[in-house]
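Below is one structure, written out as structure tokens, with a few remarks after it.
Keep in mind the model is a prediction, meaning the values are calculated, not measured. Any value given below was found using the heavy atoms of this structure, including those in side chains, with hydrogens, waters and symmetry copies removed. Ligands are counted one by one from 1 in listed order, and the atoms in each one are counted from 1 as well.
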Amino acid sequence: MPDTLNPAPGHPLPIPDETTRQRSLAKYRQRAAAYDSTCGPTWGIRERCIAALQLQRGQSVLDVACGTGLSLALLRQRVGGAEGTAGQVYGFDHSAEMLVQARARAAAAGWGNVQLFETAAQALALPKPVDALLFHYTHDILRSPDALRCVLAQARPGARVAIAGIKYFPRWLAPLNAWVYWKNHAYNGAPGELRSPWDRIAPRLDDWQFEATQWGMGYIASGRLRAMAAP
Ligand SMILES: C[S@@+](CC[C@H](N)C(=O)[O-])C[C@H]1O[C@@H](n2cnc3c(N)ncnc32)[C@H](O)[C@@H]1O
């Protein structure tokens, strides 16, 4: 298996994580207030991505970079059972401006089984390993080996993983990719690497399923976290 989380010597140096994070934090300081109003067109993608987790009543799930918490109710419905109180939903985000909205959502609804953390993905430490991971529009985290390593370490081997995000159109629509880049630029600290943004996480998953969405400028992928070989 290629070691996608430890780039080989001589591999071009990525933008340092801290620079990327500071750019992301600055963008979401600006975008947080209006963020929810931009998410309507991708609501169906969110629902399909969450369905791909195949969650069961009583399971635990982590909403990676949960932002304003738009996925929390759907996740809670699936793990919570009829009363909604079973299972556990965790979420985290490094943006205080995004997370305050997620916290308000959870508090207003009185969700006792939703726990949110303000932290960088690179420093995440959950109380216990989860059964499933949702990566919904989390490009910066998918492109950071440190962030990805830390997030994947929070799930048990065999955990379901579902990913949705933006990618470049296929080559025959390449002229539209400048627009895709600028669209992504508005939301991410490291906006490039849109050819195959999943290529660091895919080698860590079994049962890989992939579907292009939005005429080729989006994707939904899923799999099951492979157990790491002992060192
Ligand atoms: C496009 S938003 C997606 C939010 C949410 N997942 C959703 O589907 O609505 C990307 C989120 O990633 C968060 N983020 C980016 N880099 C991060 C990092 N290194 N650690 C934690 N959160 C990060 C941003 O603050 C932002 O809330």
Side-chain angles (χ1 to χ4, degrees), residues 5 14-53 61-76 89-106 114 116-126 132-154 161-167 180 182-194 197 200-201 213-214 217-220:
L5 302 188
I15 303 170
D17 267 18
E18 202 42 35
T19 307
T20 300
R21 273 198 351 98
Q22 292 307 322
R23 289 181 188 162
S24 165
L25 286 167
K27 286 180 184 181
Y28 283 98
R29 213 165 284 134
Q30 301 292 321
R31 302 202 78 87
Y35 180 81
D36 287 4
S37 66
T38 66
C39 292
T42 50
W43 193 258
I45 301 284
R46 189 184 298 275
E47 290 177 326
R48 283 163 61 197
C49 191
I50 290 171
L53 288 173
V61 56
L62 172 62
D63 187 359
V64 175
C66 63
T68 63
L70 286 173
S71 296
L72 296 174
L74 295 171
L75 293 171
R76 189 172 171 277
V89 180
Y90 296 110
F92 77 90
D93 203 283
H94 68 170
S95 163
E97 292 82 1
M98 295 291 273
L99 199 65
V100 75
Q101 297 182 56
R103 286 204 162 119
R105 210 183 284 282
V114 174
L116 302 172
F117 303 93
E118 184 181 327
T119 177
Q122 290 83 344
L124 178 68
L126 291 185
L133 296 170
L134 174 69
F135 292 81
H136 190 265
Y137 286 79
T138 60
H139 185 77
D140 282 342
I141 292 172
L142 291 176
R143 299 316 302 160
S144 159
D146 283 348
L148 201 49
R149 190 182 303 107
C150 190
V151 171
L152 295 181
Q154 311 302 319
V161 178
I163 311 152
I166 193 167
K167 72 173 191 62
V180 175
W182 284 109
K183 198 167 162 57
N184 195 48
H185 189 273
Y187 291 92
N188 290 296
E193 302 191 27
L194 288 164
R200 291 193 198 286
I201 193 169
T213 62
Q214 297 138 297
M217 65 162 284
Y219 66 96
I220 298 175

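Note on ring orientation: taking the six-membered ring where Trp is involved, the planes of Y28 and Y187 are tilted (angle from 30° to 60°).
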Tabulating one pair per line, provide the atom names and distances (0.1 Å) for every N/O atom of ligand 1 that is less than 3.5 Å from a protein N/O atom.
residue	atom	partner	partner atom	Å
ligand 1	6 (N)	A65	O	2.7
ligand 1	6 (N)	H136	O	2.9
ligand 1	8 (O)	R46	NH1	3.0
ligand 1	8 (O)	H136	O	3.2
ligand 1	8 (O)	H136	ND1	2.7
ligand 1	9 (O)	Y35	OH	2.8
ligand 1	9 (O)	R46	NH1	3.4
ligand 1	9 (O)	R46	NH2	3.1
ligand 1	14 (N)	H94	NE2	3.3
ligand 1	19 (N)	Q122	OE1	3.1
ligand 1	20 (N)	A121	N	2.9
ligand 1	22 (N)	H94	N	3.2
ligand 1	25 (O)	D93	OD1	2.6
ligand 1	25 (O)	H94	NE2	3.4
ligand 1	27 (O)	D93	OD1	3.3
ligand 1	27 (O)	D93	OD2	2.7

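Here the side chains of K167 and P197 are in contact, with some heavy-atom distance below 4.5 Å. Between R105 and L70 the shortest side-chain heavy-atom distance falls below 4.5 Å.
For A65, the side-chain contact (heavy atoms from CB on, under 4.5 Å) partners two or more places apart in sequence, or in a different chain, are D93, T138, I141.
Taking CG from L62 and CG from L124, the interatomic distance works out to 6.0 Å, rounded to the nearest 0.5 Å.
Looking only at atom types and distance, the side chain of D140 has no donor-acceptor partner in the side chain of T20 under 3.5 Å away.
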